[in-house]
2 protein chains.
Amino acid sequence: MTVLSARSEDYLKAIYKLQAERKVVRVKDLASVLGVRSPTVVGVISGLKDSGFVDQEHYGYISLTTRGEDLAKFLVLNEDLLKKFFEEILSLTPDEAGVNACSVEHYITPTCRERFVSFIRFLEVCGRGSPKWLDHFRHFVLTGEPPPCDRCGDLLSGEEGKCEKH
Amino acid sequence: MTVLSARSEDYLKAIYKLQAERKVVRVKDLASVLGVRSPTVVGVISGLKDSGFVDQEHYGYISLTTRGEDLAKFLVLNEDLLKKFFEEILSLTPDEAGVNACSVEHYITPTCRERFVSFIRFLEVCGRGSPKWLDHFRHFVLTGEPPPCDRCGDLLSGEEGKCEKH
DNA sequence: TGTCATTGTTAGCCCCGCCTATTTTTGTTA
DNA sequence: TAACAAAAATAGGCGGGGCTAACAATGACA
């Protein structure tokens with residue numbers, strides 16, 4: 001079981017995404033989205049071909065093998081998941097959430113990943129969209145102040161959701 | 001403003017931590033905690049000396065410059081923060097939380113970091129320790145089931161904290 | 001069908017972070 | 001104080017992932 005570098009995983013993800021939106025993937029496209037020059041792409045792709053993640057004929061288009069696609073799917077799934085967390089929980093902009101997700105994705109352990117999954121699912125299953133605490137948290141992020149009491153509007157200082165009086 | 005590689009940051013953090021617990025830091029110590037050989041340490045340290053983060057006399061002990069200490073402090077703070085999140089929110093073991101924090105720390109953007117800070121502070125300020133939703137989430141992680149209703153113990157399926165009846 | 005722009009490849013270089021083998025320095029101790 | 005063990009430094013090599021410059025293949029079009 002070949003273990004890829006973070007950078008190689010980026011290439012795999014990029015191929016996967018390009019393939020989804022553009023049908024064919026060229027060296028030039030990859031270079032452009034990854035912010036590198038063509039020869040760099042050729043070098044990395046050559047390694048990915050050797051380890052069986054990528055197919056390409058000489059001077060031809062780039063595509064993922066079954067193996068490559070399975071891995072890419074998994075990686076992109078994780079990335080999307082993290083992006084969702086950064087965007088919906090931490091209220092980052094879509095762009096910044098994406099940047100963070102893309103780089104962080106490589107480095108979390110499987111259990112950690114599972115916990116992020118659980119966190120998101122918890123919100124969906126048990127919070128019905130946007131639970132109160134999450135609204136409170138967003139308020140806190142924006143203003144730096146504790147959220148107002150549900151009943152009277154005073155700032156919270158007692159238990160969760162409650163002010164001094166309630 | 002020199003930008004350090006993730007790996008160099010690891011070296012800086014390691015020096016900082018060793019210095020805190022052991023007073024003097026030797027090449028050998030760093031090699032041991034970072035899992036590399038001495039010449040590797042010598043090489044990286046040499047770079048950190050050039051960029052003014054580290055002091056060391058020939059064949060002598062390693063120490064941080066003021067600049068190096070400031071940066072290391074910042075990095076370790078971020079790492080601890082993330083560790084706290086992984087441990088207390090996602091319920092990872094201390095070890096696994098540490099591993100994830102150490103690697104993820106390098107890659108999040110400043111705003112993202114601030115949001116993690118906010119998240120932790122939110123819990124402290126507004127949740128008074130362990131808010132209900134966090135207990136519910138922990139339950140969800142362990143069992144995969146929605147948490148029980150506060151009032152009757154039925155599984156939740158309505159609003160947050162409420163079952164069908166309540 | 002021949003020409004030429006576009007694109008992919010090769011060659012050859014660099015830096016980083018790792019290694020082993022070897023040498024130098026240090027400090028302890030007989 | 002001379003010898004020796006331990007630790008640090010140097011020399012030199014390797015792979016990954018960048019780069020530029022030069023070259024080869026492709027395909028579109030006159």
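Each chain gets a letter, A, B and so on, in the order the sequences are listed, and its residues count up from 1. Note that the coordinates shown come from a computational prediction; the quantities given were computed from them, not determined experimentally.
- Between D/dT20 and A/R37, a contact under 4.0 Å exists linking OP1 or OP2 to a side-chain N or O.
- Heavy atoms of B/S46 sit nowhere under 4.0 angstrom from any nucleic acid atom.
- Between B/Q56 and B/Y61 the shortest side-chain heavy-atom distance does not fall below 4.5 Å.
- Follow the hydrophobic side-chain contacts under 4.5 Å out from B/L75 and you never reach B/I108; the two are in separate clusters.
- For B/L30 and D/dA8, the CG to P distance is 9 Å, given to the nearest whole Å.
- Taking only side-chain nitrogens and oxygens, A/Y11 never comes nearer than 4.0 Å to OP1 or OP2 of D/dG16.
- Following rounding to the nearest Å, B/H106 (NE2) and C/dG17 (C1') show an atom-to-atom distance of 14 Å.
- Following rounding to the nearest Å, A/L4 (CG) and D/dG16 (P) show an atom-to-atom distance of 11 Å.
- Atom CD of residue A/E105 and atom NZ of residue A/K83 lie 14.0 Å apart, to the nearest 0.5 angstrom.
- The separation between A/E9 atom CD and D/dG17 atom C1' is 15 Å, rounded to whole Å.
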Each nucleotide N or O in nucleotides 21-25 of chain C that has a protein N or O under 3.5 Å away: list the pair and distance.
unit_1 : atom_1 : unit_2 : atom_2 : d
C/dT24 : O2     : B/Y59  : OH     : 3.1

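- The distance from atom CZ of B/R26 to atom P of D/dA9 is 13 Å, rounded to the nearest whole Å.
- For the pair B/L71/B/Y16, no side-chain contact is recorded, criterion being any heavy-atom separation below 4.5 Å from C-beta on.
- Of the listed nucleotides (D/dA8, C/dG8, D/dG17), C/dG8 has the atom at the smallest distance from the side chain of A/V27.
- With D/dG18, C/dC18, D/dA9 as the candidates, the nucleotide lying closest to the side chain of A/R7 is D/dG18.
- Between A/D55 and A/S63, the side chains place no donor N or O within less than 3.5 Å of an acceptor N or O (distance only, hydrogens not considered).
- When each of D/dG16, C/dG8, D/dT10 is scored by its nearest atom to the side-chain atoms of B/V42, the top-ranked nucleotide is D/dT10.
- Linking Ile, Leu, Val, Met, Phe, Trp and Tyr residues whenever their side-chain heavy atoms come within less than 4.5 Å leaves B/V104 and B/L34 in two separate clusters.
- Comparing the local axis fitted to the first five base pairs of the helix from C/dT1-D/dA30 to C/dA30-D/dT1 with the one fitted to its last five gives a bend of 20°, rounded to 10°.
- Note on B/Q56: every side-chain N or O is 4.0 Å or more away from OP1 and OP2 of D/dA7.
- Side-chain contact between B/H139 and A/F122 is absent, with no heavy-atom pair separated by less than 4.5 Å.
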Check the pair A/F116 / A/N78 against side-chain contact (heavy atoms from CB on, under 4.5 Å), numbers first and verdict last.
CA-CA 9 Å; A/F116 272 110; A/N78 290 342; over 6 Å; no
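- Among the protein residues, A/Y61 comes within range of no part of the nucleic acid, since none of its heavy atoms lies under 4.0 Å from any strand.
- Annotation: side chain of B/V99 is not in contact with side chain of B/F86 (no heavy-atom distance under 4.5 Å).
- Within the 4.5 Å cutoff, the side chain of B/R115 has heavy atoms near those of the B/T111 side chain.
- Checking the phosphate oxygens (OP1, OP2) of C/dC16, no side-chain nitrogen or oxygen of B/S8 falls inside 4.0 Å.
- With D/dA8, C/dG8, C/dC18 as the candidates, the nucleotide lying closest to the side chain of B/T40 is C/dC18.
- Rounded to whole angstrom, the span from the CG atom of B/L34 across to the P atom of C/dG17 amounts to 12 Å.
- Rounded to an integer number of Å, the gap from B/E57 CD to D/dA9 P is 11 Å.
- Using a 4.0 Å heavy-atom distance criterion, B/S38 is classed as making no nucleic acid contact.
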